[in-house]
Amino acid sequence: MSTPLDTTMSQIQQLLNRQIERVNQMKLSPPNTPMANLSNITIGVCPGDGIGPVIATEAQRVMQTVLDQLPPPSHRHIQFKPIHGLTIENRLSLGVAIPPTVLADLKSCHVILKGPTTTPQVGMGVANIESANVAMRRELDLFANVRPVQIPQLGIDWTFFRENTEGEYVLGSQGIEVNHDISLDFKITTQLGCERIIRAAFEFAKQTGKKRVSVVTKSNVIKTTDGRFSRVAREIAEEYKADGIQSDEWYVDIMAAKLIDPARQSDFSVLVMPNLYGDILTDEAAQLQGGVGTAGSANIGNRWAMFEAIHGSAPRMVSEGRGDYADPSSMIKAGAMLLRHIGLIDQANQIEQALTLCTQIEKKWIITGRSDGVTASQFADYILEWAIHPDLDTHYSKGIAHAS
Ligand code: IPM
Ligand code: MG
């Protein structure tokens, strides 16, 4: 008769076998395909649930309006493709994180704009399906979660490179209840997984002229997995010394403190870290910028890239009838990041400058999430007013100088 321990051991063996397969797949992954020069680009739009459809609609409208200003004839054909079916109702009724038809649609696009999706929690009385975000990152192998946070008047310009497919997340819904007393979760870190995210961070620093990459771990305690992350980071850092890029390592707890230390916070530039630490630190950083509603997130792989808000679907806002008052800034920011990814740098800058002007400097209209503020659609109009304003640059520079 098999004991609980035997069962656990055989489950662990199966999990490990699948991880070995995953690593083998990673090794076969095609090289990065830059999208800046493709002549046709399809942007898949997945509205998600809760406030997702409201903010995704506004983000698409802002992007489309800015794209419409591109001088004709445009040598590129950029089209939006609506993707239906990534709703919590559909996912629960099929019992899957991402319905297969949705996954096929996602894979038929070059880039994806995705609204927040609801993740059922254990104990909610519904099927315990995996988070659609986590599943999409894995299925499309979107290993680099890039999250910028900018507060120009405080001299803050951070870009977080969060590892997006490993760590505590990779087997997050496959932990084991060993027996009545013991629950077991896993943290997985692979050599290739470390190399690709750390290299992405250093390459970004090199290409954008940034001089510092800070590596965040808890390798003093989590010695094996974080230990590997830290070791790989030290090796890769050596290669970039010649480019004048400095590197330092911080433990995640002290980094959480330093990000809110006025004397130190503007010293950080590019930060790279394992999955869970990145999840937590980027919410903290976004809060400094004005809240998670202001932050966008890029999920980048070698073949596809997906852009989204860093926050959830806020079902309570919808059930309380406040959905139309959701802040679209995060999705509009995600849209700008998507445009930059496909090579439309000026258009991305226009939208980002307008966002900073409206949310941090001019603040003519305020989003509060309630009827005492403006609606998502009114706020998107406000951002658009600036995004296509002929004197945007001058107003932006003056605004920043005045606020500093
Ligand atoms: C994020 C979110 C997700 C994560 C959730 C929704 C699974 O918090 O994108 O940061 O933890 O990665
Ligand atoms: Mg998060």
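As the structure lists them, so they are numbered: ligands from 1, and atoms in each ligand from 1. Keep in mind it's a predicted model, so treat the numbers as computed, not measured. Values below: every heavy atom of this structure, side chains too, minus hydrogens, waters and symmetry copies.
Nearest protein neighbour of atom 4 (C) of ligand 1, counting heavy atoms only, is Y169 OH, 3.4 Å. The nearest protein atom to atom 6 (C) of ligand 1, hydrogens excluded, is given as N133 ND2, 4.2 Å; this is a heavy-atom distance.
Within the 4.0 Å heavy-atom cutoff, E168 does not count among the residues contacting ligand 1. Residue R137 places a heavy atom less than 4.0 Å from ligand 1.
Cation-pi geometry between R162 and Y169 is met: the NZ or CZ atom falls under 6.0 Å from the ring centre, inside 45° of the normal.
Among E308, R147, E130, the residue whose heavy atom lies closest to atom 1 (C) of ligand 1 is R147.
Looking only at its N/O/S atoms, D279 has OD1 as the one nearest to the Mg ion (ligand 2).
Of the residues P315, S313, S330, the one that meets the side chain to side chain contact (heavy atoms under 4.5 Å, CB included) test with P116 is S313. Between Y277 and the choices D226, D253, T282, the side chain to side chain donor-acceptor pair (under 3.5 Å) rule is met once, by D226.
More than 12 heavy-atom neighbours from other residues, nucleotides or ligands sit within 6.0 angstrom of CD on Q64.
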Exercise. Can you check side chain to side chain donor-acceptor pair (under 3.5 Å) on T190 and E166, steps first, answer last?
Worked result: CA-CA 8 Å; T190 68; E166 303 201 332; 2.6 Å; yes
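Of the N or O atoms in D279, one or more lie within a sub-3.5 Å distance of an N or O in ligand 1. Considering backbone and side-chain N/O atoms, S131 never comes within less than 3.5 Å of an N/O atom of ligand 1.
Between E308 and N133, the side chains place a donor N or O and an acceptor N or O closer than 3.5 Å (distance only, hydrogens not considered).
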